[in-house]
Amino acid sequence: MKFIIAIIKPFKLDEVRDALGALGVAGMTVSEVKGFGRQKGQTEIYRGAEYSTNMLPKVKLEIACSDALAPQVVETIQQSASTDAIGDGKVFVLDLASATRIRTGETGDTAL
Amino acid sequence: MKFIIAIIKPFKLDEVRDALGALGVAGMTVSEVKGFGRQKGQTEIYRGAEYSTNMLPKVKLEIACSDALAPQVVETIQQSASTDAIGDGKVFVLDLASATRIRTGETGDTAL
Amino acid sequence: MKFIIAIIKPFKLDEVRDALGALGVAGMTVSEVKGFGRQKGQTEIYRGAEYSTNMLPKVKLEIACSDALAPQVVETIQQSASTDAIGDGKVFVLDLASATRIRTGETGDTAL
Amino acid sequence: MIRKILCGAGAVGMSLAASTAAFAQEAAAAAAPTVDKGDTAWMMTSTLLVLMMILPGLALFYGGLARTKNMLSVMTQVGAVACLAMLIWVGWGYSMSFGNDFSGETIKQFISNFDKAFLKGVTADSTAATFSEGVAIPEYVFVCFQMTFAAITVALVLGSVVERMKFSAVMVFGAIWLTIVYFPIAHMVWASSGLFFAMGALDFAGGTVVHINAGVSALVAALMLGKRIGYGKEIMAPHSLTMTGIGTGLLWVGWFGFNAGSALEANGSAGLAMMNTFVATAAAALAWMLAEKLAGHKPSALGFCSGIVAGLVAVTPAAGNSGPLGAIVLGAVAAVICYLAVTKLKVKLGYDDALDAFGVHGIGGMIGAIGTGIVYSSALGGPAGEDWVMADQLKTQFLAVITTIAWAAAGTAISITVAKVLTGLRVAPDAEREGLDLAEHGERAYNY
Amino acid sequence: MIRKILCGAGAVGMSLAASTAAFAQEAAAAAAPTVDKGDTAWMMTSTLLVLMMILPGLALFYGGLARTKNMLSVMTQVGAVACLAMLIWVGWGYSMSFGNDFSGETIKQFISNFDKAFLKGVTADSTAATFSEGVAIPEYVFVCFQMTFAAITVALVLGSVVERMKFSAVMVFGAIWLTIVYFPIAHMVWASSGLFFAMGALDFAGGTVVHINAGVSALVAALMLGKRIGYGKEIMAPHSLTMTGIGTGLLWVGWFGFNAGSALEANGSAGLAMMNTFVATAAAALAWMLAEKLAGHKPSALGFCSGIVAGLVAVTPAAGNSGPLGAIVLGAVAAVICYLAVTKLKVKLGYDDALDAFGVHGIGGMIGAIGTGIVYSSALGGPAGEDWVMADQLKTQFLAVITTIAWAAAGTAISITVAKVLTGLRVAPDAEREGLDLAEHGERAYNY
Amino acid sequence: MIRKILCGAGAVGMSLAASTAAFAQEAAAAAAPTVDKGDTAWMMTSTLLVLMMILPGLALFYGGLARTKNMLSVMTQVGAVACLAMLIWVGWGYSMSFGNDFSGETIKQFISNFDKAFLKGVTADSTAATFSEGVAIPEYVFVCFQMTFAAITVALVLGSVVERMKFSAVMVFGAIWLTIVYFPIAHMVWASSGLFFAMGALDFAGGTVVHINAGVSALVAALMLGKRIGYGKEIMAPHSLTMTGIGTGLLWVGWFGFNAGSALEANGSAGLAMMNTFVATAAAALAWMLAEKLAGHKPSALGFCSGIVAGLVAVTPAAGNSGPLGAIVLGAVAAVICYLAVTKLKVKLGYDDALDAFGVHGIGGMIGAIGTGIVYSSALGGPAGEDWVMADQLKTQFLAVITTIAWAAAGTAISITVAKVLTGLRVAPDAEREGLDLAEHGERAYNY
Ligand SMILES: Nc1ncnc2c1ncn2[C@@H]1O[C@H](COP(=O)(O)OP(=O)(O)O)[C@@H](O)[C@H]1O
Ligand SMILES: Nc1ncnc2c1ncn2[C@@H]1O[C@H](COP(=O)(O)OP(=O)(O)O)[C@@H](O)[C@H]1O
Ligand SMILES: Nc1ncnc2c1ncn2[C@@H]1O[C@H](COP(=O)(O)OP(=O)(O)O)[C@@H](O)[C@H]1O
């Protein structure tokens, strides 16, 4: 199994989720994060104090899926999250040693 | 070492933490996330605009532990977080290549 | 490639980011988390109800980097985030199977 | 400074005019009391100040103390029950509290009759008497002013039962409770034929009617409802003390409508009530923080807010019945005792008065009611005359307090029982866990 | 209770004194109307209440309904356009609305002349007449009171166009719209030479001038601006119903400045307006929640807030023109119809009135204006005389409504067009997506 | 419109009555000035408006600008020091500022004596004179009104020292500062025997006493306290501009209590002060945003809020001493200069005035004080008489400003030093980093 972590632009969340749903991805976990990278942020000024943090709001998706499905998941995210503009984000894939569904105790692919 | 990621229902946090404490787990990192899965969310309506996002508030635990302790940690979480209702969440286990304690620079199991 | 997860004290964020920038780390993803460990939290009292949760605000960094850079990243974080006080946090290193830049579809080290 | 019975002077004039010519002349004089526009302006302002205490004041004060998932539920319950109270007030509340006397000697001590139901006979020209001979205010203004008292009192009760009581149950409870508890007690205290009024009980702005009444009812309701799930185990820290802070500020500002407004005129007595409402409150806020410090804790923001409210509650019956120094002492004492009630007593007795409606309003109200019988003394700077006897006054105050407690407790028990039969009273455990915002109202307070 | 033309009594005295000696004496009497300090106190209080409706009231009500990323933009647009309105009011608004008559018979029905531009001739001693013979208030107070009406009305319009309209466009639009829409309509309704005034249209506190006007303008502006990106697809839930709740409370409290203040005196008529503003609103809040329930949904906090505003809007023209029971019915009916407008009509017609300025103020204003022609009837407890004919009144009300709609729509179309030419009107899609707080103001509302 | 010395008319009557019969008669007349209920209503309303400026107004304005971790600390410091000020005011403040004259010719220019300590001799019947011959208000009302001025001024000072000053230090500082700085300056400006009063300095509502005083004291305190850890390096963005926005709105609304209330009557002069307080502020808000634009930045929400406050500060001494157009110019000029002070001067000089108490209140207050000497001119629409000489007035204004600056700076240095000795002044670095909410009060503002 794979554990896929994707960082995307917040307003793309719905699109990505729909695309993954169409692919048969049943679940995912979403969190709000701040991203730091090439994309430059707006400068904020408060009474003369200037902050240009380059920390931009992003959304992180975490998706556990079977090895078989993983390449498609990555591709689907890459395509549906893209705006062709800097700061679109990344998809990272890690190996997942095991997965357990808390409710039933099932493990492996069926737990996802 | 293992890196265990668990998604649980928010009101189960205290119970799980106590159970893990009893097991000897010394530390963990907790974050608020939104979960998307089989469990259906409440429909929200604001002046006729209906939203049923199926994004439910969950809590994510991240626990690094020794290989030996990992199975017990998974089992303890699975048992203490369960309500036998849909949406109880998942436990994922990843391999952890290394761990370092920032304060001391210690690495490996002693860093946890 | 490696996927590095670091838990640090919030007020150290700027220092760590600057140090990593100097090292050539181009990007990272940051989130607010609560840490549970040896460090004891302040007791909060609200009209007689005492809460000492030991859940302390921390910042989590996630950094994907090449295998070559990984040791330096870990060391840099360890040094710049340290205050020699309990609760300074941890650095975890996981293996990263693949990385994709959403904008371009590039993969591997060049995607970082 | 005890309130006289108030009635539409027009109506009075007319009925009297029918009897004799001599009387008619007197009545004509009586029928045309002076309405000073300064008084009217002040009483309209005071009325709005009390409204501001409810919305946004109390809604924020209570809402901030609740957990995020119940914020809207608290605000909506407070607001909706206040709206209901306004409609009921117009319907029969005003008539039951300040209408014409029943002919029965006993019953007229407890309620007035229904002649003024749906504000029958009230017009833009009818007036209500004040404490000064021949000075009146427009009756509509008096109706509005008193209406806001009814509205805030029933909303105060909810402080103990939030985060678990059904919205429908709140509405049913509110309607019954106002009718069988609030209106009678308001009549007893403020109508000249009322029981406590006749006894000579001192209650400038409603310490008995509003605070003891609400506090005791809150306690009974909390006991009947049971504790919140997770009480004592889970963290139930206030979700936004910032909101509680805003609420506190608005409560303080608004309370002057309550206290200085209860003079019914823009005069020196109102000025005295204002003075006392400032200093008693300031003293109470600092005293609560000091008590925390002495108990070995940090002086807290919530302590500051709680002290403010405790001081306001305590000075309510005393506002025009005390000198400033007496008020300062009264406020400080009330704060310390309420602090103990909230932090020690509640823990010991183990009831779940979620937002401490009893601990602050109930206890603070009792201290205030009894304390008023002390600070009234001219020796302490109060306005009592030469021949006033403190022991007698204290007996009266005590009696009024006890009666109020008994009446409120019994009436609340009935109201909650009816609400339980009709609505089930409490939300399902899952709904409680998820939060009443989503479960009862289908919304979230925050979507950041 | 229709407002007469108001003018600096000094000026009047002088011009009249020139004609004949007999007149001069009369004029001298007229030139020294009584200024009651109670009235002055109440009118200053009312003025501040209306200011509080704008800031923080409306800014929070609207801001809470917006998304986090546009919170500051909403607050700033509301505040800045209100400031602009104040300066323009002093510049030419007061003169155009309440100045001296033009000599042209037609034009004087629509605006007054520019003699009082920049408040020429207004001093601390000049006065403005009230509805009672010989009773006046300081003219500065009247200028301030009316100024706040202009300021809130233009701010209300923005409700439909937030989250996408440029700040610069808002300012340009505001300046033109006030001049060609608001000032003329205010003159038509409230000046004795005004068109609607002459027709005998009833509008106690500005239902036509403020609410129909703002609501219709908002609709036209929203149509011309187009929908927000993602409308109907993305989640656009209110970012903080807590803020909307605070705003609602402050709007209610402040609205009494509007409604009871429109009596211009601290008297029984103000008391009646106050009474109605309480009960119509309370009824509307509960009616909206009931409508939700009957439609198969949960009674919501936002429903409660929306009901409050709908009730306030509807009772505005009726405040002193109805009895309390009529007001209750009016409020309840308005709430139900606004509920339908906001949840069904808007969806069907598909326009993006972001914060429902049209659905609540426009529709509610119309119900109120027409309804006032009904509840005015003495049969329903209203203050109409014996020989009043409902059908005639309704015709008049209807005509005033239609004219206002047409005028507001045309004027808004012009104002928006000019704003578009000068500023581009709408922010770039990227800026809209990122949020106007960062894009237009370079700040975030929250840095937790 | 300079304030006369005010005193309990009863007391005056009595002491005079002792001398001669002729005098006694005069005194009897003087002893019974008219108390108009309209004035009383307005002054009570004004008093509450100023309270609302403190809580929740200033607490939110300042709190929103602080970081999340210090929100409660800011609110509690503001609130608690205001409470302390109220108690001290009753204790000796009122007597020192508005009590009876010392017999010493020099000392009586600086403070009055302690005869009225603990409000000795003040009763519900005693009165305080206004500016109009024979018109008075209840003395309690005057005591309350002035009390709120003392309370807000000391709270304003805290703006520069938040996020690092100990709560205990704040309380010690407050008590001393009020006694040695505020009470004397209030006496100098407002008592007829006071230094500035005798000089003929114009200060309608306290520009010198409140704003220059607080601003300069804030600067000195900030310098003595040192910078916050991380200042200039870490992000210290306001945690909630929404809260700052609410605070701004409440400050504006409340400020009318300050400015129009300082007329002490509900009359045309109050109306003028109201007018000016509207337009100067509106102009300042827009001017600040314009200055940002011209400096190449985006017009910001915080700029809007800052402009509002700068305008209010500047118009304070000028409120009844200017025409509306003069006020507009004054507001706009003050906003631009304060903008430069806050964004350029502060950066250049490098002090850490956390919330810009000096940059806005200090600088704005000076512009206002000097500017009042200009806009007073009848040529600019002000109320000055024919024989008024601007140069003389400016010299007087300047002298008053300089003296205030010197007095405030010296007094603050003393007060801060004492606070340092007694409490240590500043929290430990760890506590500062963790935030004063947890470290000093044991709470968090938000538990979402
Ligand atoms: N090395 C990295 N490790 C973890 N997250 C990263 C890394 N680089 C970038 N990111 C995340 O991806 C986001 C987008 O990166 P950025 O460099 O701005 O643009 P792009 O993805 O188009 O190259 C960042 O905001 C950050 O959240
Ligand atoms: N494939 C997945 N990857 C990551 N997280 C998941 C995945 N599936 C479910 N989750 C998380 O687990 C939570 C519970 O899943 P759900 O399908 O609702 O119920 P259950 O765990 O009982 O099967 C989700 O809300 C989500 O946070
Ligand atoms: N086993 C663990 N797994 C995941 N996170 C941990 C673990 N132990 C500690 N942490 C994180 O590291 C933080 C610091 O740990 P703590 O034990 O308090 O101090 P130290 O790092 O100095 O040993 C914790 O607050 C928590 O966020």
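By convention in this document, chain letters (A, B, ...) are assigned in the order of the sequence lines, proteins followed by strands, and residues within each chain are numbered from 1.
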Closest contact, heavy atoms only, Ala41(E) versus Trp42(F):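 That would be CB-CB, 3.8 Å.
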Nearest heavy atoms of Ile308(F) and Cys83(E), plus distance in Å: CD1-SG, 4.3 Å
At a heavy-atom separation under 4.5 Å, does [X] approach chain E through its side chain, its backbone, both, or neither?
X         : value
Thr45(F)  : side chain
Leu325(F) : side chain
Ile328(F) : side chain
Leu302(F) : both
Phe304(F) : side chain

Greatest number of heavy atom pairs closer than 4.5 Å to chain E - which of Pro299(F), Cys305(F), Pro238(F), Ala237(F):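 Top option by heavy-atom pairs under 4.5 Å: Pro299(F).
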Closest-packed option against chain E by number of heavy-atom pairs under 4.5 Å, given Gly268(F), Pro324(F), Ala266(F), Ala270(F):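 It is Ala266(F).
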For [X], is it the side chain, the backbone, both, or neither that has a heavy atom closer than 4.5 Å to a heavy atom of chain F?
X         : value
Met171(E) : side chain
Thr148(E) : side chain
Ala82(E)  : neither
Val35(E)  : neither

Option that, when pairs with chain F are counted at under 4.5 Å, heavy atom only, ranks first among [options]:
options                                 : value
Gly247(E), Gly91(E), Ala439(E)          : Ala439(E)
Ala85(E), Ala124(E), Gly38(E)           : Ala124(E)
Gly79(E), Pro138(E), Cys144(E)          : Cys144(E)
Val141(E), Asp39(E), Thr76(E), Leu87(E) : Leu87(E)

Sorted by number, residues from residues 280-293 of chain F in contact with chain E (heavy atoms, under 4.5 Å): Ala282(F), Ala283(F), Ala285(F), Leu286(F), Met289(F)
Residue-level contacts of residues 51-73 of chain F with chain E, using a heavy-atom cutoff under 4.5 Å: Met52(F), Thr68(F)
Using a 4.5 Å cut-off on heavy atoms from C-beta on, say whether the side chain of [Y] contacts that of [X].
X         : Y         : answer
Met243(F) : Met243(E) : yes
His239(F) : Tyr448(E) : yes
Thr47(E)  : Phe278(F) : yes

Steps toward side-chain contact (heavy atoms from CB on, under 4.5 Å) verdict (Met275(F), Val122(E)): CA-CA 11 Å; Met275(F) 187 81 243; Val122(E) 180; over 6 Å; no
From OH (Tyr140(E)) to CG (Asn276(F)), nearest 0.5 Å: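 Those atoms lie 7.0 Å apart.
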Inter-residue atom distance His441(E).NE2 - Ser300(F).OG, 0.5 Å rounding: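 Nearest 0.5 Å value for the NE2-OG distance: 8.5 Å.
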Ion pair check, Lys37(E) and Asp36(F), cut-off under 4.0 Å: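 Salt bridge between Lys37(E) and Asp36(F), a charged N being under 4.0 Å from a carboxylate O: no.
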Electrostatic pair Lys298(F)-Glu440(E), nearest N-O below 4.0 angstrom: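 Result for this pair is no, no salt bridge flagged.
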Worked check of side-chain contact (heavy atoms from CB on, under 4.5 Å) between Leu48(E) and Met274(F): CA-CA 9 Å; Leu48(E) 300 183; Met274(F) 178 168 276; 3.8 Å; yes
